[in-house]
Protein chains: 2
Amino acid sequence: MDTDRVPEHPDVRSVTVQQVLEALVDPVRRSIITQLSGSPADIACGAFDLSVSKSTATHHFRVLREAGLIRQYYVGTSRMNSLRRDEFDDRFPGLLDAVVSADHATPAQHRP
Amino acid sequence: MDTDRVPEHPDVRSVTVQQVLEALVDPVRRSIITQLSGSPADIACGAFDLSVSKSTATHHFRVLREAGLIRQYYVGTSRMNSLRRDEFDDRFPGLLDAVVSADHATPAQHRP
DNA sequence: ACGAAAGTACGATGAGTGTCAAACTTTGAT
DNA sequence: ATCAAAGTTTGACACTCATCGTACTTTCGT
């Protein structure tokens with residue numbers, strides 16, 4: 001079986017503001033969202049420009065998925081990521097846009 | 001001297017998204033912002049409906065002030081708080097509104 | 001002058017979490 | 001069959017931060 005290969009996605013209506021802000025407060029996660037937001041196509045986990053190890057990246061993707069911000073699906077060995085923009089915007093109007101454009105103005109600063 | 005009685009307020013332009021999100025991720029601080037946002041008048045620290053001790057509240061007000069979200073000034077022994085809405089909206093368009101209305105839909109859940 | 005009220009400052013503490021390395025799993029290519 | 005590529009899982013560790021109590025400061029009444 002590869003049922004485990006289909007990660008669980010929450011109903012966006014069951015996601016809380018608390019969860020979303022906890023997800024977006026991390027610079028690495030916000031960078032993932034920004035890159036997704038600026039890309040016309042979905043992006044594989046390994047194709048992101050991140051400054052952390054693979055296992056740490058996995059952690060960040062899970063947090064974003066559980067916050068209802070991204071959808072993940074497998075293509076071969078690659079895990080693809082897409083922004084759940086419409087659903088999310090419906091639940092939290094204006095929030096994603098505000099954070100993304102704010103982040104665009106002041107890029108994420110990695111710790112030294 | 002009571003120079004120390006005038007707390008330092010940052011120029012909102014020097015505030016980073018990171019700082020703002022770190023400020024807004026805490027439920028108590030978000031509650032402060034929501035209460036201020038729904039009030040026509042400024043509110044003294046002690047007049048807020050908060051579920052933490054006085055010293056903890058002081059900490060939260062400082063974080064909000066340093067994130068450019070509120071302005072504080074003394075009236076007698078009371079420290080008044082006002083939302084720096086216009087300045088903040090100019091720096092981070094839509095962010096405050098999005099968070100406040102999202103928080104209004106899903107009120108801050110206090111830990112048990 | 002004295003005391004109460006409103007906050008602030010200072011440690012100390014406990015829980016959370018971002019980080020990594022190492023071992024493992026699944027898929028695709030040779 | 002074998003091997004490499006792509007992620008995941010599992011501990012473990014370090015560091016941050018929300019919280020509180022106590023002591024202190026400033027202001028306002030009486």
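FYI, side chains are in, hydrogens and waters are out, and symmetry mates aren't considered; it's all heavy atoms of this structure. Keep in mind that what you see is a predicted model, and the values were worked out from it rather than measured. In what follows, chains are A, B, ... by sequence order, proteins preceding strands, each numbered from 1.
Listed by residue number, A/A44, A/C45, A/G46 are the residues of residues 38-47 of chain A with a heavy-atom contact under 4.0 Å to DNA chain D.
Here the side chain of A/R5 is nearest to one of C/dG7, C/dT27, D/dT19, namely C/dT27. Listed nucleotides D/dG7, C/dG7, C/dC10 differ in distance to A/S78; the shortest reach to its side chain belongs to D/dG7.
Residue A/V25 is the one, among A/S55 and A/V25, whose nearest nucleotide of DNA chain C lies closer to the 5' end (criterion: closest heavy atom). Both A/T56 and B/R62 lie near DNA chain C, and the one whose nearest nucleotide falls closer to the 5' end is B/R62.
Rounded to an integer number of Å, the gap from A/H60 NE2 to D/dG7 P is 15 Å. Per the geometry, OH belonging to A/Y73 stands 16 Å off C1' belonging to D/dG7, to the nearest Å. Separating the CE atom of B/M80 from the C1' atom of D/dT26 is a distance of 17 Å, rounded to the nearest angstrom. Whole-Å rounding puts the B/Y74 OH to D/dC28 C1' distance at 14 Å. In this structure, CD of B/E22 is placed 6 Å from P of D/dC17, rounded to the nearest angstrom. Taking atom CZ on B/F61 and atom P on C/dG7, their separation rounds to 8 Å, with Å as the unit. Going from atom CD1 of B/I70 over to atom C1' of C/dG7 covers 13 Å, rounded to whole Å. If you take NE2 of A/H59 and P of D/dA12, they are 18 Å apart, rounded to a whole angstrom.
In terms of the side-chain contact (heavy atoms from CB on, under 4.5 Å) criterion, B/T77 has no residue partners (sequence neighbours excluded). Residues forming a salt bridge (Lys or Arg N to Asp or Glu O under 4.0 Å) with B/R62 (at least two apart in sequence, or on another chain): none. The salt bridge (Lys or Arg N to Asp or Glu O under 4.0 Å) test applied to B/R84 returns B/E87, not counting sequence neighbours. Partners of A/D11 by salt bridge (Lys or Arg N to Asp or Glu O under 4.0 Å), not counting sequence neighbours, listed by chain and number: A/R13. Here A/D89 pairs with A/R85 under the salt bridge (Lys or Arg N to Asp or Glu O under 4.0 Å) rule; sequence neighbours left out.
Side chain A/T77 to base D/dG7: no donor-acceptor pair is found below 3.5 Å.
Side chains of A/S53 and A/T56: a donor on one and an acceptor on the other come within 3.5 Å.
Proximity of a side-chain donor or acceptor of A/S78 to a complementary backbone N or O of A/M80 within less than 3.5 Å is not detected.
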